[in-house]
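Notes follow once the structure below has been shown.
Every heavy atom of this structure was used, including side-chain atoms; hydrogens, water molecules and symmetry mates were not.
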Amino acid sequence: MITLVPEIIDGAVVCSLIEACDSSSGSECDICHEQTVYLHNWLVETELKYLVIDLQEEKAICSPFIEALLHLRKRLRFPFLFAGVIEKPKQILMRYDYTEFPFFISPEDAVRALRMAYPSITEVSLEHIKMGEPIGGIRPADEPEDEEDSDDD
């Protein structure tokens, strides 16, 4: 399952990939595809007009997630930038003719390029954004949930 977490980097919101899904079979990954629905709703709610995603050099990212991101990009019609992109995700992005921006090594580079292309785009209210909390409310597998005390009396 893919998990994206927003954070502030150089004054802009960057969604960092903290858990990746390797759907190496190429079959549709419903949970990862669903994550882009959460992402869409989150972008609308937060009123962001850009998306910077840090893939953090993950080797294995399911292609349905990246494909769904590119479909979301077409629907929203605002800048999508990718940082930390390595070979497999890069091939998928190139196959879908992603040429709006280059692939960035770091999210800081992506933010700098975004500001150069769209000078005031990152100047938005951040009050609706919960930093460090997974988009869609999906917890990473390694993050423990709050357990309720249970008495087995």
Side-chain contact test, heavy atoms from C-beta onward, threshold under 4.5 Å: evaluate it for [X] versus [Y] and give yes or no.
X    : Y    : result
F104 : V111 : no
I53  : V14  : no
H40  : L43  : no
E67  : I92  : yes
S16  : Q56  : yes
L48  : W42  : yes

Could you report the tightest heavy-atom contact between [X] and [Y], atom names first, then the distance?
X    : Y    : result
Y118 : P79  : CE1-CG, 3.4 Å
I66  : P89  : CD1-CB, 3.5 Å
P107 : A83  : N-CB, 3.6 Å
V124 : I121 : CG1-O, 3.8 Å
A110 : V52  : CB-CG1, 3.9 Å
V5   : P134 : CG2-CA, 3.9 Å

Does [X] [atom1] have over 12 foreign heavy atoms under 6.0 Å away?
X    : atom1 : result
M131 : CE    : yes
I8   : CD1   : yes
E57  : CD    : no

Could you state the interatomic distance from [atom1] ([X]) to [atom2] ([Y]), rounded to the nearest 0.5 Å?
X    : Y    : atom1 : atom2 : value
I135 : K130 : CD1   : NZ    : 12.5 Å
R115 : D10  : CZ    : CG    : 6.5 Å
F65  : L39  : CZ    : CG    : 6.5 Å
I129 : E47  : CD1   : CD    : 9.5 Å
L70  : E100 : CG    : CD    : 10.5 Å
D54  : L17  : CG    : CG    : 8.0 Å

Evaluate the criterion side-chain contact (heavy atoms from CB on, under 4.5 Å) for residue pair L72 and F80; output intermediate values, then yes/no. CA-CA 10 Å; L72 182 60; F80 275 48; 4.1 Å; yes

Mind checking whether [X] and [Y] sit in one hydrophobic cluster, side chains of I, L, V, M, F, W, Y counted as touching below 4.5 Å?
X    : Y    : answer
F78  : L4   : yes
I9   : L114 : yes
F101 : I105 : no

Run the numbers on L81 and Y50 for side-chain contact (heavy atoms from CB on, under 4.5 Å), then give the verdict. CA-CA 8 Å; L81 291 81; Y50 65 92; 5.5 Å; no

Quick check: F82 with Y98 (ring centres under 6.0 Å apart)?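 Yes: the rings meet the under 6.0 Å criterion.
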
Is a side-chain donor or acceptor of S106 paired with a backbone partner of D109 at a separation under 3.5 angstrom? yes

